[in-house]
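See structure below.
In what follows, every chain begins at residue 1, and chains take the letters A, B, ... in the order their sequences are listed.
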Number of protein chains: 2
Amino acid sequence: MLNTPVTSKQPHSVPTIKDVAKAAGCSTATVSRALATPEKVSDATRKRVNQAIAQVGYSPNIAARNLRRAESKTIVALLPDISNPFFSEIISGMEDVAHQAGYQILIGDCEHDPARAEAYFRLLSTNQADGIVLLTSEIPRALVKQADKQADFPLVMACEFFSDIDLPLIAIDNHQASAQAIDYLVSLGHQRIATLSGPAHNPICQERNRGYRDTLAAHQLSNEARIAEGNFGFRSGYQQGLALLEGKTPRPTAIFCHSDEMAVGVLKAARQLGISVPDQLSVVGFDNIGLSEYCDPELTTISQPRNEIGQQAMQLLLHLLRGEQPIRHQTLSSHLIVRKSTGRLKP
Amino acid sequence: MLNTPVTSKQPHSVPTIKDVAKAAGCSTATVSRALATPEKVSDATRKRVNQAIAQVGYSPNIAARNLRRAESKTIVALLPDISNPFFSEIISGMEDVAHQAGYQILIGDCEHDPARAEAYFRLLSTNQADGIVLLTSEIPRALVKQADKQADFPLVMACEFFSDIDLPLIAIDNHQASAQAIDYLVSLGHQRIATLSGPAHNPICQERNRGYRDTLAAHQLSNEARIAEGNFGFRSGYQQGLALLEGKTPRPTAIFCHSDEMAVGVLKAARQLGISVPDQLSVVGFDNIGLSEYCDPELTTISQPRNEIGQQAMQLLLHLLRGEQPIRHQTLSSHLIVRKSTGRLKP
DNA sequence: CGCTAAAATGTAAATGTTTACATTCAAATT
DNA sequence: AATTTGAATGTAAACATTTACATTTTAGCG
């Protein structure tokens with residue numbers, strides 16, 4: 001009779017910690033310790049255990065571990081729309097530190113559907129997730145309110161926030177970023193500066209619009225304020241761009257957009273109307289996505305430190321999970337990147 | 001003493017199936033059955049159980065369920081790079097049918113790092129995932145080979161594939177799609193048609209390049225074949241575009257790109273060199289991402305039914321998981337969308 | 001060498017489900 | 001009325017870990 005390399009009785013049965021224990025000549029407890037807290041096990045046994053693990057081809061059953069430890073090592077990243085490229089680098093940043101700490105990221109695409117968001121929140125109570133990073137304010141407020149009540153509900157926000165609910169937050173100063181863009185446009189000589197905002201109910205857009213208004217006021221341009229509303233996407237940029245540029249009211253000479261996609265939409269609208277950018281119209285975007293260097297003209301835009309936002313948000317959440325009392329609010333700095341879509345008017 | 005609404009002894013302890021059983025006056029088995037197989041339980045008890053569930057605020061502990069059932073209801077979607085917008089709609093399609101069937105999707109971003117891919121494959125053996133949809137061929141071949149050996153390893157591919165390993169696959173006919181693009185360019189009168197390919201070792205690119213060569217040959221243009229290699233991104237499109245357009249060899253009059261991002265990169269290169277598109281150069285992209293309608297000029301491109309690819313891939317995987325013998329290969333149809341970046345030469 | 005403390009290991013309970021098997025009960029059949 | 005059947009329910013084992021507690025071993029020290 002030949003010796004089979006694997007010594008399990010049942011053919012095809014997945015090796016468990018018991019098999020390892022048997023092979024290493026110790027108890028399952030020791031194997032478990034050798035894995036979780038190697039320093040509590042003698043060098044000799046640790047070595048034997050590791051050999052045994054390799055020999056039988058063991059990998060721990062995570063469901064059992066999760067059950068026993070009452071955790072899942074999974075973090076949900078809740079976003080409004082997975083197709084928005086703005087989020088991918090944030091996710092990358094989150095993954096970096098999450099993996100480092102032995103956590104997984106589950107990407108939750110809400111698709112603007114409240115039921116989806118609710119389903120993802122429910123993962124917490126069923127032990128399928130340990131925490132949530134919330135990257136959208138477009139979810140049922142009830143969910144958040146409830147979470148906020150529990151003292152240490154593992155929830156942090158990144159980029160977006162709620163104006164009336166104070167949650168741990170990693171974000172840039174949207175008011176200031178907006179002000180910087182407007183200041184810059186004014187410095188180029190622009191007076192009729194319009195804003196193409198994201199959804200009006202979105203707090204970050206409200207922030208940016210306050211920054212816009214405040215800065216216009218500071219330059220005595222308040223009565224030039226004009227805000228159009230889009231949804232961050234190409235199409236709404238194009239449509240609202242057309243509306244802004246072909247209306248009967250005196251045409252704006254600059255448009256500040258709350259996303260790069262909308263800015264590119266505005267570029268298309270301007271092209272279609274024979275308005276040259278930047279000679280007759282300046283356009284500023286927001287986010288500095290990859291595209292902004294490759295559109296025509298290259299886009300002046302506000303850059304957010306996306307990777308860092310993701311990293312810090314995850315750090316913050318991990319602190320929360322460890323029961324620590326971290327700094328609940330971090331403001332990261334954005335900066336204006338000047339490219340070719342802005343300039344002085346050339347009549 | 002006041003009655004608390006929740007009748008648990010331990011404060012804050014999460015209610016389990018036992019609490020429900022107690023409240024409903026039945027055994028845990030019955031509660032479990034009422035949830036999993038309601039038809040095996042009398043109407044009266046089912047009602048009592050549901051009331052009890054609502055009353056104690058029970059939701060099942062999924063880790064325990066997964067342990068007992070030896071499944072995770074989680075599917076891994078493995079992709080090369082999450083920031084490529086091409087994938088987001090495929091993911092959406094996958095999620096639609098996955099959620100329908102009670103499965104979750106875990107997005108695995110490999111970032112071209114073999115270790116990452118391996119980690120995601122390992123989820124299968126640790127019971128953290130039930131199956132994999134593989135959207136990249138850029139992973140260690142050993143992993144796939146090994147999976148292929150096991151008769152019913154729950155793995156399907158979508159879009160991408162391996163030339164030498166026969167796995168279940170949902171994809172378009174890349175050879176034909178490529179041929180269609182080239183035929184169209186030839187019909188416009190182009191003779192010097194270059195291809196800006198994705199990575200040369202990528203089977204779908206090889207397929208497309210075969211389609212390119214075969215079609216040139218069919219038109220007696222074989223000696224005009226010229227293939228540059230990029231990596232699907234904007235930057236490589238721009239760089240290779242410059243190289244193709246400013247070289248000493250006679251300049252191509254059309255460039256067929258393996259991605260829209262690269263095509264937009266080529267547009268930038270052409271702009272920079274003062275080559276007008278489409279009058280002096282035609283450009284064709286691939287994938288029809290959102291951007292292609294908003295760049296200048298709007299991009300002629302090949303559209304893949306991304307949502308459907310995602311749905312079908314998930315369907316296929318679900319069949320596999322149910323132990324059925326599904327059709328292992330499905331070819332979906334792509335089509336050419338003609339916009340403004342292609343035309344006859346105007347000298 | 002005997003004693004104590006610390007380190008290493010083992011035993012067994014606990015985690016929350018599901019499900020095979022056993023039991024009960026009511027209705028249907030003789 | 002006795003028997004059979006099938007449905008409804010209950011009992012308890014099983015899933016693969018972790019860990020509190022108990023026990024054994026080792027080292028240290030006078």
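- Atom-to-atom, CD of E71(B) to P of dT17(C) comes out at 15 Å; the value is rounded to the nearest Å.
- To the nearest angstrom, P of dA8(C) lies 8 Å from CG of D43(A).
- Going from atom CD1 of I17(A) over to atom P of dG10(C) covers 12 Å, rounded to whole Å.
- OP1 and OP2 of dG16(C) both lie 4.0 Å or more from every side-chain N or O belonging to T16(B).
- Closest to the side chain of C26(B), out of dA8(D), dG10(D), dT11(C), is dG10(D).
- A residue-by-residue look at R33(B) and A64(B) shows that A64(B) has its nearest nucleotide of DNA chain C further toward the 5' end.
- Nearest to the side-chain atoms of Y58(B) among the listed nucleotides dA8(C), dT17(C), dA12(C) stands dT17(C).
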Could you go through residues 63-70 of chain B and list every donor-acceptor pair under 3.5 Å that involves a side-chain atom there, pairing it with any protein atom two or more places apart or in another chain?
from	atom 1	to	atom 2	distance (Å)
N66(B)	ND2	I62(B)	O	3.4

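- The distance between atom CG of N66(B) and atom C1' of dC15(D), rounded to the nearest whole Å, is 11 Å.
- The existence of a salt bridge linking R116(B) and D96(A) is confirmed by a sub-4.0 Å separation between a basic side-chain nitrogen and an acidic carboxylate oxygen.
- In this structure, CG of D19(B) is placed 9 Å from P of dT17(C), rounded to the nearest angstrom.
- For K18(B) and dT11(D), the NZ to C1' distance is 13 Å, given to the nearest whole Å.
- The phosphate of dT9(C) (OP1 or OP2) has a side-chain N or O of S42(A) nearer than 4.0 angstrom.
- Side-chain proximity of N61(B) to the nucleotides dT18(C), dG16(C), dT18(D) is greatest for dG16(C).
- Where T30(A) and R48(B) each meet DNA chain D at their nearest nucleotide, the meeting point lying more 5' is that of R48(B).
- Here dT9(D) presents its C1' atom at 15 Å from CD of E39(B), a figure rounded to the nearest Å.
- In plain terms, the two heavy atoms of E160(B) and S137(B) that are nearest each other are OE1-OG, 3.0 Å.
- DNA chain D is contacted by both R68(B) and V41(B); V41(B) maps to the nucleotide lying nearer its 5′ end (nearest heavy atom per residue).
- No donor-acceptor pair under 3.5 Å is formed between the side chain of T37(B) and the backbone N or O of E39(B).
- Atoms CZ (R65(A)) and P (dT17(C)) sit 21 Å apart, rounded to a whole Å.
- Listed nucleotides dT18(D), dT9(D), dT9(C) differ in distance to R69(A); the shortest reach to its side chain belongs to dT18(D).
- Distances shorter than 4.0 Å separate none of the side-chain N or O atoms of T28(A) from OP1 or OP2 on dT18(D).
- The side chain of S32(B) lies closest to dT19(C), out of dT18(D), dT19(C), dG16(C).
- A donor-acceptor contact shorter than 3.5 Å links the side chain of N50(B) to the backbone of R46(B).
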